[in-house]
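Worksheet: the structure to be examined is printed underneath.
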Amino acid sequence: MVVHDQLCSMVERSDRELLGPKYEHFPKNLSVFAEVLCTGKDLATEEMKNRMINPLRNLQKTVPAATWASAWSLLLPQQEMELESILSHKEDANLSSVQSGAKLGGRKGRKLKGRRQKLILRK
């Protein structure tokens, strides 16, 4: 979809109008990425979903920890689990292999830990 392509391009180039000068718009951006990546609906192709993962990984390294935590806390619990799984896998892994790994038992049955512990994944 053209809109997702534009969104990815803007995030990849760290567009200040999209993210805000001090990342103040980042929580909304993260929620859009989560909706596209974590919903069962066909909001984007697999190729586009895979393209969305790398900008998120880069933002995970550059967005201030307090802003990341604030944005993360706005996600639904299921979105948190899925994004944590997606972002914690190798950078060359594609979304379908990450999702199939999670469905095969990677996270199923695990008790959710506190949000603060999830943020430790941030490098």
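We're numbering straight along the sequence, starting at 1.
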> Can you check side-chain contact (heavy atoms from CB on, under 4.5 Å) on Val2 and Asp5, steps first, answer last?
Replying inline: CA-CA 5 Å; Val2 175; Asp5 187 52; 5.5 Å; no
> Closest approach of Pro27 and Ala71, non-hydrogen atoms and distance?
Replying inline: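 Answer, listing the atom of Pro27 first, then Ala71: CA-CB, 3.5 Å.
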> Between Thr67 and Lys22, which heavy-atom pair has the shortest distance, and what is it?
Replying inline: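 What the structure gives for the nearest pair is OG1-O, 4.5 Å.
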>> Let's go through Glu35 and Val32 carefully: what are the C-alpha distance in whole Å and the side-chain angles of both, what is the deciding distance for side-chain contact (heavy atoms from CB on, under 4.5 Å) to 0.1 Å, and is it a yes or a no?
In response: CA-CA 5 Å; Glu35 185 67 26; Val32 170; 5.7 Å; no
> Who are the ring-ring contact (aromatic ring centres under 6.0 Å, His included) partners of Phe26, not counting sequence neighbours?
Replying inline: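 For Phe26, the residues satisfying ring-ring contact (aromatic ring centres under 6.0 Å, His included) (neighbours in sequence not counted) are Trp68.
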Measuring from [X]:[atom1] to [Y]:[atom2], what's the distance to the nearest 0.5 Å?
X	Y	atom1	atom2	value
Phe33	Leu87	CZ	CG	10.5 Å
Glu12	Met52	CD	CE	10.0 Å
Glu80	Cys38	CD	SG	10.0 Å
Gln60	Leu30	CD	CG	9.5 Å
Thr62	Tyr23	OG1	OH	4.0 Å
Leu75	Leu83	CG	CG	6.0 Å

>> Assess the residue pair Val36 and Leu7 against the criterion (side-chain contact (heavy atoms from CB on, under 4.5 Å)); give the C-alpha distance rounded to whole Å, side-chain angles, the decisive distance to 0.1 Å, and a yes or no.
In response: CA-CA 12 Å; Val36 173; Leu7 177 63; over 6 Å; no
>> For Leu76, is there any backbone N or O sitting under 3.5 Å from a side-chain donor or acceptor partner on Gln79?
In response: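 Side chain of Gln79 to backbone of Leu76, a donor-acceptor pair under 3.5 Å: yes, one is there.
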> Do any N or O atoms from the side chain of Ser88 and from the backbone of Glu84 form a donor-acceptor pair under 3.5 angstrom?
Replying inline: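 Side chain of Ser88 to backbone of Glu84: a pair is present.
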>> Run the side-chain hydrogen bond (donor to acceptor under 3.5 Å, both in side chains) test against Ser9 and tell me which residues pass, sequence neighbours left out.
In response: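 For Ser9, the residues satisfying side-chain hydrogen bond (donor to acceptor under 3.5 Å, both in side chains) (neighbours in sequence not counted) are Arg51.
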> By salt bridge (charged side-chain N to carboxylate O under 4.0 Å, His left out), which residues pair with Glu24, not counting sequence neighbours?
Replying inline: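 For Glu24, no residue satisfies salt bridge (charged side-chain N to carboxylate O under 4.0 Å, His left out) once neighbours in sequence are set aside.
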Atom pairs and distances, donor-acceptor, side-chain atoms in residues 13-20, under 3.5 Å, two or more places apart:
from: Asp15; atom 1: OD1; to: Glu17; atom 2: N; distance (Å): 2.9
from: Asp15; atom 1: OD1; to: Leu18; atom 2: N; distance (Å): 2.9

> Got Leu56 and Val11 here, is their nearest side-chain heavy-atom distance under 4.5 Å?
Replying inline: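 Side chain of Leu56 against side chain of Val11, heavy atoms only: no contact under 4.5 Å found.
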